[in-house]
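Here the structure comes first, spelled out in structure tokens, and everything after it is commentary.
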Amino acid sequence: QRSWVSKDHAERRVSFAEYMLKKYPQPEDWRRVRFSDEVHFGLGPQGKFMIIRKKGQRKCYNCIQEEREPQEVDKKKLHAWGAVGYNFKSDLVFYDIPTNNNGKMTQSKYIEILEEHVVPWVKCGDDFVLEEDRDSSHGIGKGKNKVKDFKKKHHIECYFNMSGSPDLSIAENAWQPTKAY
């Protein structure tokens with residue numbers, strides 16, 4: 001979905017891809033990876049209303065409607081999390097964050113999702129590594145936080161994909177047809 005990146009960013013993407021290919025050199029190694037991601041589906045107007053006139057109506061003044069900003073109640077979103085991998089597809093987990101309307105996941109909500117959906121994979125003996133983007137709710141950063149502690153406690157092996165790069169995550173492209181629909 002990214003048509004152009006800076007030279008510096010392109011070099012970092014290549015470097016990250018080379019690192020991951022050293023870590024997982026054989027195609028079979030990638031069968032362990034479960035790519036996870038969140039998506040936000042907008043229902044109703046998401047910004048300004050768009051008016052698309054039919055051919056020949058460009059100068060039809062009776063066809064012009066007053067532009068207005070949609071009300072907050074018009075801006076409804078569904079938020080979902082899921083994971084896919086080789087011969088694997090998780091349940092689609094819908095969640096709500098009542099404290100915000102942009103769907104930004106919190107660490108507490110992510111721990112709930114991990115506990116309910118990922119910990120059972122560990123308990124049943126699945127051999128996997130969870131790929132995550134660099135969302136702050138996933139426990140990125142050098143310091144301690146509750147998500148890192150939770151993953152360690154429950155033996156959830158994971159890695160973070162490079163920021164701004166969906167290249168190694170098949171989950172990114174899986175959302176596009178659904179969002180377009």
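Values below: every heavy atom of this structure, side chains too, minus hydrogens, waters and symmetry copies.
If you take CG on Leu78 and CZ on Phe94, they are separated by 6.0 Å, rounding to the nearest 0.5 Å. Asp149 contributes atom CG, which lies 4.5 Å from atom NZ of Lys144 (distance to the nearest 0.5 angstrom). Distance OG1/Thr106 to CD1/Ile97: 4.0 Å, rounded to 0.5 Å. One distance of note links CD of Glu132 with CG of Leu114; it measures 7.0 Å at 0.5 Å rounding.
Within 6.0 Å of atom OH in Tyr19, 12 or fewer heavy atoms from other residues, nucleotides or ligands are found, so the atom counts as exposed in its surroundings. Other residues, nucleotides and ligands contribute more than 12 heavy atoms inside 6.0 Å of the CD atom of Glu11.
Tracing side-chain contacts under 4.5 Å through hydrophobic residues (I, L, V, M, F, W, Y), one never reaches Phe160 starting from Ile156; they form parts of separate clusters. In terms of hydrophobic clustering, with Ile, Leu, Val, Met, Phe, Trp and Tyr side chains grouped at heavy-atom distances under 4.5 Å, Leu21 and Val14 are assigned to different clusters.
Using modelled atom types, one side-chain atom of Ser90 and one backbone atom of Ala83 make a donor-acceptor pair closer than 3.5 Å. Arg134 contributes a side-chain N or O that, together with a main-chain N or O of Asn161, makes up a donor-acceptor pair within less than 3.5 Å. No donor-acceptor pair closer than 3.5 Å links the side chain of Lys109 to the backbone N or O of Ser137.
Nearest heavy-atom pair, Val122 versus His155, reported as atom, atom and distance to 0.1 Å: CG2-O, 4.0 Å. The minimum heavy-atom distance between Ser36 and Glu131, with the atom names listed, is OG-O, 2.7 Å. Counting all heavy atoms, side chain and backbone alike, His138 lies closest to Val147 at O-CG1, 3.4 Å. Taking every heavy atom of both residues into account, Ile140 and Asn145 meet most closely at O-ND2, 3.6 Å.
A heavy-atom distance below 4.5 Å is not found between the side chains of Tyr95 and Glu112. Annotation: side chain of Trp81 is not in contact with side chain of Asp37 (no heavy-atom distance under 4.5 Å). Between Phe88 and Arg31, the closest side-chain pair of non-hydrogen atoms is not below 4.5 Å.
Checking Asp91 against His117 by side-chain atom types alone, no donor-acceptor pair falls below 3.5 Å. A donor-acceptor contact closer than 3.5 angstrom is absent between the side chains of Glu38 and Tyr110.
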Pair Phe35, Leu130 - check side chain to side chain contact (heavy atoms under 4.5 Å, CB included), show working.
CA-CA 6 Å; Phe35 298 91; Leu130 189 65; over 6 Å; no
Should Ile111 and Lys146 be marked as a side chain to side chain contact (heavy atoms under 4.5 Å, CB included) after you check the CA-CA gap, both sets of side-chain angles, and the distance that decides it?
CA-CA 8 Å; Ile111 287 173; Lys146 59 186 179 181; 3.7 Å; yes
One pair to check against side chain to side chain contact (heavy atoms under 4.5 Å, CB included): Arg34 and Trp121. What are the steps and the verdict?
CA-CA 11 Å; Arg34 293 185 179 172; Trp121 306 341; 3.4 Å; yes
Could you please spell out the steps behind the side chain to side chain contact (heavy atoms under 4.5 Å, CB included) verdict for Phe128 and Val33?
CA-CA 6 Å; Phe128 70 94; Val33 178; over 6 Å; no
What's the verdict on salt bridge (Lys or Arg N to Asp or Glu O under 4.0 Å) for Asp29 and Lys23, showing C-alpha distance, side-chain angles and the deciding distance?
CA-CA 9 Å; Asp29 298 335; Lys23 190 171 181 175; over 6 Å; no
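Scored by the salt bridge (Lys or Arg N to Asp or Glu O under 4.0 Å) test, Asp135 finds Lys104 as partners (sequence neighbours excluded).
The residues Asp8 and Arg12 are annotated as salt-bridged, a charged nitrogen and a carboxylate oxygen being separated by less than 4.0 angstrom. The existence of a salt bridge linking Arg13 and Glu18 is excluded, since no basic side-chain nitrogen approaches an acidic carboxylate oxygen closer than 4.0 Å.
Taking the ring axis of Tyr24 as reference, the NZ or CZ atom of Arg32 does not stay both within 45° of it and closer than 6.0 Å to the ring centre.
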